[in-house]
Visitor: 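Take this structure first; my questions come after.
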Amino acid sequence: MLIPADTPYPIRTSKRVMDIIFSLTFLVVSSPIWMLLLVVTAIDFLLRPADRGPLFYHEPRISRGRLFTILKFRTVKQPLIKARRESPEGLKTVKLLERDNQNLTWTGRWLRDFYLDELPQLLNILRGDMSFIGPRPWPEEDWHAQRRQGYNTKGVIPCGLTGLVQCCKGKNLDSTKLDLEYIEAYRTKSPLGLLLFDLSILYRSVRTMLEGKGI
């Protein structure tokens, strides 16, 4: 199944309502975690000068064919991020840096392993940049590369905090095929059917997160 380029599907109203309700609920429920992270990070910065820097990290990503700024808690040491940004090839994403524990702050190691660095994306969801469930948003360069291959999984529906790829982590499945499977569900399922499908993905994603498998 090929997704034609530049043909975004209409926003599903029921899905957007779910995103608003869930993002507000999770922001309230996770507020103690935010406070704990602030305290632990402050202690980390006090004891480990090499870890100091901005609490948040942001980078441009594509969702439904539109560029937006994704938010994360910073996990990588700030000098490494700055050095990569100033290098000739630039810095598309911190994911490559995150693969080496030596590049991470002390708090960043467990933030990454339990996906807590993604918590600020609740704000992205609330303001409509992305959705709870969908293909993960990519840097613009990677999106253009995928379109040249005949696919457009990041350009037709809102990208998500999690999705089929994330809840199937470690099963060595084709990520493009999984994204296309979700796009087809987004396009064809009834509002109730899509809600139930999203809830099943969210449940499976939480189980994966609690396993602490990391990136």
Visitor: Applying the 4.5 Å side-chain criterion to the ILVMFWY set and letting contacts propagate, would Met35 and Leu116 be lumped into a single cluster?
Guide: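 Yes.
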
Visitor: Taking all non-hydrogen atoms of both residues, which atom of Pro32 and which atom of Val29 are closest, and how far apart?
Guide: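 Scanning both residues completely, I find the closest heavy atoms to be CD-O, 3.2 Å.
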
Visitor: Verify ring-ring contact (aromatic ring centres under 6.0 Å, His included) between Phe73 and Phe56, making sure each step is shown before the conclusion.
Guide: CA-CA 4 Å; Phe73 283 121; Phe56 296 99; 5.2 Å; yes

Visitor: If you group Ile, Leu, Val, Met, Phe, Trp and Tyr by side-chain heavy-atom gaps below 4.5 Å, do Val39 and Leu47 land in one group?
Guide: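 Cluster IDs for Val39 and Leu47 match.
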
Visitor: Any side-chain heavy atom of Ile11 within less than 4.5 Å of one from Lys15?
Guide: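 Side-chain contact under 4.5 Å: no.
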
Visitor: Thr25 and Ile21: which non-hydrogen atoms are nearest, and at how many Å?
Guide: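 Scanning both residues completely, I find the closest heavy atoms to be OG1-O, 2.8 Å.
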
Visitor: Does any part of the side chain of Ile133, heavy atoms only, come nearer than 4.5 Å to the side chain of Leu202, both counted from C-beta?
Guide: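 Yes, close enough: below the 4.5 Å cut-off.
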
Visitor: Can you check side chain to side chain contact (heavy atoms under 4.5 Å, CB included) on Phe68 and Ile62, steps first, answer last?
Guide: CA-CA 6 Å; Phe68 76 102; Ile62 290 290; over 6 Å; no

Visitor: Any Lys/Arg nitrogen of Arg112 or Asp117 sitting under 4.0 Å from an Asp/Glu carboxylate oxygen of the other?
Guide: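 No, Arg112 and Asp117 are not salt-bridged.
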
Visitor: Can you confirm whether Val76 sits close enough to Leu104 that some side-chain heavy atom of one is under 4.5 Å from a side-chain heavy atom of the other?
Guide: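 They are in side-chain contact.
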
Visitor: Let me check something: do Leu71 and Leu38 share a hydrophobic cluster, defined by ILVMFWY side-chain heavy atoms less than 4.5 Å apart, either directly or through other members?
Guide: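 The answer is yes; both residues are in one hydrophobic cluster.
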
Visitor: Side chains of Tyr182 and Ile201: does their closest heavy-atom pair fall under 4.5 Å?
Guide: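 Answer yes - side chains close enough.
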
Visitor: How about Phe132 and Phe26: are their ring centroids closer than 6.0 Å?
Guide: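 Ring-ring flag for Phe132/Phe26: true, centres closer than 6.0 Å.
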
Visitor: So does Asp179 pair up with Lys154, basic N to acidic O under 4.0 Å?
Guide: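 Answer for the salt bridge query: yes.
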
Visitor: Hey, is Lys72 close enough to Glu98 for a salt bridge, meaning N to O under 4.0 Å?
Guide: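 Salt bridge present between Lys72 and Glu98.
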
Visitor: Hey, are the side chains of Leu178 and Asp174 touching, using non-hydrogen atoms and a 4.5 Å cut-off?
Guide: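 Side-chain contact under 4.5 Å: no.
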
Visitor: If you take all heavy atoms of Ser63 and Asp129, which pair is closest and at what distance?
Guide: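 Smallest interatomic distance, heavy atoms only, reads OG-O, 3.1 Å.
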
Visitor: Kindly indicate, with the supporting measurements, whether the criterion side chain to side chain contact (heavy atoms under 4.5 Å, CB included) is fulfilled by Leu122 and Ser30.
Guide: CA-CA 10 Å; Leu122 292 171; Ser30 66; 4.0 Å; yes

Visitor: State whether the number of non-hydrogen atoms from other residues, nucleotides or ligands found under 6.0 Å of His144 atom NE2 is greater than 12.
Guide: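 More than 12 within 6.0 Å, yes.
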
Visitor: Same cluster for Trp138 and Ile183 if Ile/Leu/Val/Met/Phe/Trp/Tyr side chains link at under 4.5 Å?
Guide: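 Shared cluster, no.
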
Visitor: Going through the checks in order, is the side chain to side chain contact (heavy atoms under 4.5 Å, CB included) test met by Phe197 and Ser200?
Guide: CA-CA 5 Å; Phe197 191 46; Ser200 70; 4.0 Å; yes

Visitor: If hydrophobic clusters are built from ILVMFWY residues whose side chains come within less than 4.5 Å, do Ile33 and Leu55 share one?
Guide: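 Both belong to a single hydrophobic cluster.
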
Visitor: Could you tell me if the side chain of Asn124 sits less than 4.5 Å from the side chain of Met130, heavy atoms only?
Guide: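 Touching, per the 4.5 Å side-chain cut-off.
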
Visitor: Verify side chain to side chain contact (heavy atoms under 4.5 Å, CB included) between Leu27 and Leu123, making sure each step is shown before the conclusion.
Guide: CA-CA 8 Å; Leu27 279 168; Leu123 299 174; 4.0 Å; yes

Visitor: What are the two closest non-hydrogen atoms of Thr69 and Arg127, and how far apart are they?
Guide: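 Answer, listing the atom of Thr69 first, then Arg127: O-NH2, 3.6 Å.
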
Visitor: Kindly give the heavy-atom pair with the smallest separation between Arg136 and Leu161, and that separation in Å.
Guide: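 For Arg136 and Leu161, the tightest heavy-atom pair comes out as NH1-O, 3.1 Å.
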
Visitor: Heavy atoms, side chains only, cut-off 4.5 Å: are Arg61 and Leu67 in contact?
Guide: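 Answer no - side chains too far apart.
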
Visitor: Can you tell which of Ser23, Cys159, Pro158 makes a side-chain contact (heavy atoms from CB on, under 4.5 Å) with Ser131?
Guide: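 Checked Ser23, Cys159, Pro158 against Ser131; only one passes side-chain contact (heavy atoms from CB on, under 4.5 Å): Pro158.
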
Visitor: Is any side-chain heavy atom of Arg74 less than 4.5 Å from a side-chain heavy atom of Ile81?
Guide: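 They are in side-chain contact.
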
Visitor: Should we count CH2 of Trp110 as having more than 12 external heavy atoms under 6.0 Å?
Guide: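 Enclosed: over 12 neighbouring heavy atoms sit under 6.0 Å from CH2 of Trp110.
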
Visitor: Looking at every non-hydrogen atom in both residues, tell me the closest pair between Gly160 and Pro137 and how far apart they are.
Guide: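 Looking at all heavy atoms of both residues, the shortest contact is O-CD, 3.5 Å.
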
